[in-house]
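Side-chain atoms are counted along with the backbone in the values below, which use heavy atoms only and exclude waters and symmetry mates. Whatever order the structure lists ligands and atoms in, that order sets their numbers, starting from 1. Quantities reported herein were computed from a predicted structural model and do not represent experimental measurements.
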Amino acid sequence: MKDHLFFCGIKHSGKSTLGAFYARANNLAWVDLDDLILKAIAPWTSVRAYYKQEGQMAFQAQEVAALETYLCSHHERTVISLGGGASDNEALLSLAKSRGRLIYLMVEEGVLFRRIISGGIPPFLDESDPKASFHALYARRHAIYGNICDVLVQLPNYPDIRDTASFLVETLKSEV
Ligand SMILES: Nc1ncnc2c1ncn2[C@@H]1O[C@H](COP(=O)(O)OP(=O)(O)O)[C@@H](O)[C@H]1O
Ligand SMILES: O=C(O)C1=C[C@@H](OP(=O)(O)O)[C@@H](O)[C@H](O)C1
Ligand SMILES: [Mg+2]
């Protein structure tokens with residue numbers, strides 16, 4: 001199967017939540033790559049903790065291994081929600097590219113920043129200037145996703161995520 005749909009985007013853009021919605025609406029299988037990694041790295045209970053302790057290279061190797069394992073054993077068309085750091089994993093992106101289409105769920109920087117810090121400043125942002133550190137992360141990853149993805153969907157920021165999901169389903173009708 002070479003026609004999977006890979007949902008890409010910066011952290012908190014809604015890849016996981018909207019991936020599940022979109023798959024349900026289109027009667028497709030859905031998996032979240034972070035969930036597959038978590039199963040593979042048991043007894044770890046969080047991918048973030050694994051990433052922090054074992055480092056980026058180890059985490060990226062898990063991303064590729066988890067995707068390879070899934071693709072080898074599942075042949076139905078699947079919506080696969082990637083993690084936000086996929087932009088920095090060339091091997092993962094080229095594997096995904098070879099097996100389907102990459103959909104960039106683009107959310108405006110300010111909206112994402114507010115969503116991210118609503119739960120407090122996360123450790124991946126610089127505590128002394130979280131806005132500037134997020135700006136740098138956003139700019140770099142946005143450039144990569146904008147360049148590599150086959151489809152870019154600029155998501156609205158509706159108060160109810162179900163409305164955003166419906167927008168996505170409608171928008172992708174003409175694209176995939
Ligand atoms: N369009 C949206 N509107 C409101 N909240 C959202 C939206 N997209 C994501 N969220 C919220 O942001 C958080 C992260 O969503 P998630 O789907 O896990 O994003 P990702 O997988 O891209 O990091 C969740 O609390 C989710 O409810
Ligand atoms: O942005 C990142 O570097 C990461 C995002 C996470 O996924 P979400 O974007 O689904 O939160 C997860 O894969 C990991 O913690 C790394
Ligand atoms: Mg996610």
>> Checking contacts here: is it the side chain or the backbone of Arg141 that comes within 4.0 Å of ligand 2, counting heavy atoms only? Could be both or neither.
In response: side chain
>> Taking 4.0 Å as the limit for heavy-atom contacts, which would you say applies to Phe59 with ligand 2: side chain only, backbone only, both, or neither?
In response: side chain
Considering only protein heavy atoms, which is closest to [atom], and at what distance to one decimal place?
atom	value
atom 21 (O) of ligand 1	Ser16 OG, 2.8 Å
atom 2 (C) of ligand 1	Arg115 NH2, 3.2 Å
atom 11 (O) of ligand 2	Lys11 NZ, 2.7 Å
atom 5 (C) of ligand 2	Gly84 N, 3.4 Å
atom 2 (C) of ligand 2	Gly85 N, 3.3 Å
atom 7 (O) of ligand 2	Asp34 OD2, 3.0 Å
atom 16 (C) of ligand 2	Arg48 NH1, 3.4 Å

> Would a distance-only check, ignoring hydrogens and angles, find a side-chain to backbone donor-acceptor pair under 3.5 Å from Thr78 to Ile80?
Replying inline: no
>> Please find the pair of heavy atoms, one from Leu102 and one from Cys8, that lie closest to each other, and give the distance.
In response: CG-SG, 3.9 Å
> Within the stated cut-off of 2.8 Å, is an N/O/S atom of Ser16 closer than that to the Mg ion (ligand 3)?
Replying inline: yes
Exceeds 12 heavy-atom contacts within 6.0 angstrom, atom [atom1] of [X]:
X	atom1	value
Lys52	NZ	no
Asn27	CG	no
Glu54	CD	yes

> What orientation do Phe167 and Tyr158 show, parallel under 30°, tilted 30 to 60°, or perpendicular over 60°?
Replying inline: perpendicular
Can you confirm, on distance only, whether ligand 1 has an N/O atom lying under 3.5 Å from any N/O atom belonging to [X]?
X	result
Gly14	yes
Asn157	no
Lys15	yes

> Relative to the heavy atoms of Thr164, which atoms of ligand 1 are at a distance of less than 4.0 Å?
Replying inline: 1 (N)
> For ligand 1, is any non-hydrogen atom under 4.0 Å from Thr17's backbone (N, CA, C, O), its side chain (CB onward), both, or neither?
Replying inline: both
>> Do Leu172 and Leu168 have side chains that approach each other closer than 4.5 Å (heavy atoms only, starting at C-beta)?
In response: yes
>> Any heavy-atom pair between the side chains of Tyr50 and Thr45 that's under 4.5 Å?
In response: no
>> Show me which atoms of ligand 2 lie under 4.0 Å from any heavy atom of Lys15.
In response: 8 (P), 9 (O), 10 (O)
>> Between ligand 1 and Ser81, can you find any atom pair, the residue atom being a heavy atom, that is separated by under 4.0 Å?
In response: no
> When you check the gap from the basic side-chain N to the acidic O, do Arg141 and Asp88 get nearer than 4.0 Å?
Replying inline: yes
> Does the protein put any heavy atom within less than 4.0 Å of atom 23 (O) of ligand 1?
Replying inline: yes
>> Going by a strict under-4.0 Å cutoff (protein heavy atoms only), does atom 13 (C) of ligand 1 have a neighbour on the protein?
In response: yes
>> Applying the side-chain hydrogen bond (donor to acceptor under 3.5 Å, both in side chains) criterion to Tyr104, which one of Lys15, Gln154, His142 satisfies it?
In response: His142
>> Listing request: all salt bridge (Lys or Arg N to Asp or Glu O under 4.0 Å) pairs with a residue in residues 101-130, at least two apart in sequence or in separate chains.
In response: Asp3-Arg101
>> Within the 3.5 Å criterion, strictly below it, is a donor on Trp30 or Ser81 matched to an acceptor on the partner's side chain?
In response: yes
